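To start, the structure under review is shown below, and the notes come after it.
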Amino acid sequence: MKAIVCEEPNRFAMKETDIPAPGAGEALIRIRRVGICGTDLHAYKGNQPFFAYPRILGHELAAEVVRTGEGAAGLAPGDAVTVMPYLACGSCIACRSGKSNCCSSMSVLGVHQDGGMREYMAVPAKHLLKASDLTLDQLATVECLAIGAHAVRRAAIRPGEYALVIGAGPIGLGVMKFAKLAGAKVIAMDINAERLRYCSEWVPADYTVNALDDPASQLEAITEGDYPTVVLDATGNAKSMEGALSYAAHGGRIVYVGLVKSHIAFSDPEFHKRELTLLASRNALREDFEQVIEAIRGGNVDTDAFITHRSPFSGMIGQFETWLRPDTGVIKAMVEL
């Protein structure tokens, strides 16, 4: 089979490798779609924490079951599946507490071990979610959107409260969508006017704020001086994450959804006087995946408008660099096999 390997920063190579055999409790799957996300882009540029080269990227996957190993119950050849790519140990304090998304020895497909940018792979059957009524495109967006759904659960959003989401990339858009579905009045913030227009149509966000145009004054006006009670930062930008605290209401919550390879510092007096709650949101849980699948089934998520760019597997290497450029208007790029 063919596989695309990121051999070092800024260099992909197409390789030939053997088709794996599924072991006990595993399923061999044929990859049909690979969504490209910020993790892949950062890994390609050498800016991804927890990463080593060479690596086969790809963790936003839609696939078909080819065959199963012994003990892989509930799956049959031909089943359409999405992949939950977070492989947890099952025994650490986080796993024992039902928080396998932040397992102390977490291994993520496409990050810590080889992912799905290849024609076939063997995956633990318990990490496959069957949804044959969804299209391959829809299945390939589930993981990305589950990140947003998980962040919204972490934020414990209440209906009617103002939720500011900073960063209108794919993860931020997923956060906005599920904050909206949770009943929040969603404020989208970004520096890209075209992205903000997209937010008001796709989410749809209740308000948009350009971060380059006195955002504090805009937020004050929108919330009648209160400021948002929950702020979710999905930028992966240290300066933005540090500044997010200044946009939160007194008694509010901050959720860091994006990950940055840097230290973060902020004013402790500002943090304390607001008595803020600061949360991180990492990966997602099975219930988040299931929530996303149900939202797509119910017609609450327009995946067609979410996917803006496509490439065949054979042509991905030549197109990948263009997906790094905001001027191309890329929201979600999809690789087709």
Side-chain angles (χ1 to χ4, degrees), residues 37 60 82 84 98-99 101-102 129 131 134 138 141-190 195-196 198-209 218-219 222-224 226-235 240-241 244-245 247-258 274 276-303 305-306 331-332:
C37 87
E60 297 181 3
T82 188
M84 192 166 65
K99 298 180 179 180
N101 61 299
C102 59
L129 286 83
L134 269 58
Q138 289 172 329
T141 65
V142 171
E143 192 275 342
C144 173
L145 294 168
I147 300 290
H150 183 75
V152 168
R153 277 205 307 121
R154 288 283 285 157
I157 285 177
R158 301 180 295 271
E161 72 175 321
Y162 287 100
L164 169 64
V165 182
I166 308 173
I171 297 297
L173 286 162
V175 175
M176 293 176 204
K177 172 60 76 174
F178 284 92
K180 181 80 172 180
L181 292 175
K185 291 179 279 191
V186 174
I187 307 168
M189 181 187 289
D190 202 271
R195 283 288 180 98
L196 290 173
Y198 183 89
C199 292
S200 35
E201 294 177 359
W202 186 80
V203 176
D206 297 281
Y207 308 91
T208 60
V209 170
Q218 294 185 66
L219 293 171
I222 290 167
T223 61
E224 299 181 345
D226 288 338
Y227 286 89
T229 46
V230 59
V231 178
L232 303 103
D233 192 294
T235 62
S240 175
M241 294 164 76
L245 281 75
Y247 301 136
H250 283 240
R253 292 101 68 208
I254 305 288
V255 183
Y256 286 152
V257 190
R274 289 173 164 82
L276 295 174
T277 299
L278 180 61
L279 298 161
S281 183
R282 187 183 185 195
N283 299 327
L285 292 165
R286 176 173 287 269
E287 49 260 51
D288 303 310
F289 279 72
E290 292 170 345
Q291 180 187 2
V292 171
I293 289 171
E294 286 306 313
I296 294 173
R297 274 195 186 117
N300 293 313
V301 180
D302 182 0
T303 55
F306 192 62
I331 300 290
K332 173 59 63 180

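Because the structure is predicted, anything quoted here is derived from the model rather than measured. Reckoned from all heavy atoms, side chains included, excluding hydrogens, waters and symmetry mates.
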### Query
Any side-chain heavy atom of L245 sitting closer than 4.5 Å to one from R274?
no

### Message
Contact between L276 and R253 at the side-chain level, heavy atoms closer than 4.5 Å - yes or no?
### Response
no

### Summary
Taking every heavy atom of V165 against every heavy atom of G172, the minimum-distance pair comes out as CG1-O, 3.6 Å

### Query
Just by modelled atom types, is the C102 backbone N or O under 3.5 Å from a matching donor or acceptor in the R282 side chain?
no

### Query
Below 4.5 Å, heavy atoms only, C-beta onward: do Y162 and D226 meet side chain to side chain?
no

### Task
Mind running side chain to side chain contact (heavy atoms under 4.5 Å, CB included) on V231 and I166 for me, showing each step along the way?
CA-CA 8 Å; V231 178; I166 308 173; 3.8 Å; yes

### Task
Among residues two or more places apart or on two chains, list those pairs meeting salt bridge (Lys or Arg N to Asp or Glu O under 4.0 Å) that have a residue in residues 171-190.
K180-D206

### Query
side chain to side chain contact (heavy atoms under 4.5 Å, CB included) between L173 and W202: does it pass, once the steps are laid out?
CA-CA 8 Å; L173 286 162; W202 186 80; 3.9 Å; yes

### T141 and E60, any side-chain heavy atoms less than 4.5 Å apart
no

### Task
With side chain to side chain contact (heavy atoms under 4.5 Å, CB included) as the test, would you mind laying out the steps for L164 and V230 before giving the verdict?
CA-CA 6 Å; L164 169 64; V230 59; over 6 Å; no

### Query
Do the side chains of R153 and L285 get nearer than 4.5 Å, heavy atoms only?
yes

### Task
Taking atom CD of E201 as the centre, report whether more than 12 heavy atoms of other residues, nucleotides or ligands fall under 6.0 Å from it.
yes

### Query
Are side-chain heavy atoms of C144 and P170 found at a separation under 4.5 Å?
yes

#### Entry: R154 side chain to A280 backbone, donor-acceptor under 3.5 Å
yes

#### Entry: pair L219-V209: side-chain heavy atoms closer than 4.5 Å
yes

### Test side-chain contact (heavy atoms from CB on, under 4.5 Å) applied to L134 and T82, I296, L129, the passing residue
I296

### Message
Looking only at the side chains, is there a donor atom on one of N101 and H150 sitting less than 3.5 Å from an acceptor on the other?
### Response
yes

### Message
Donor-acceptor pair, distance only, cut-off 3.5 Å: does the side chain of E161 make one with the backbone of R158?
### Response
yes

### Task
May I ask you to test the D233-V257 pair for a side-chain heavy-atom distance under 4.5 Å?
no

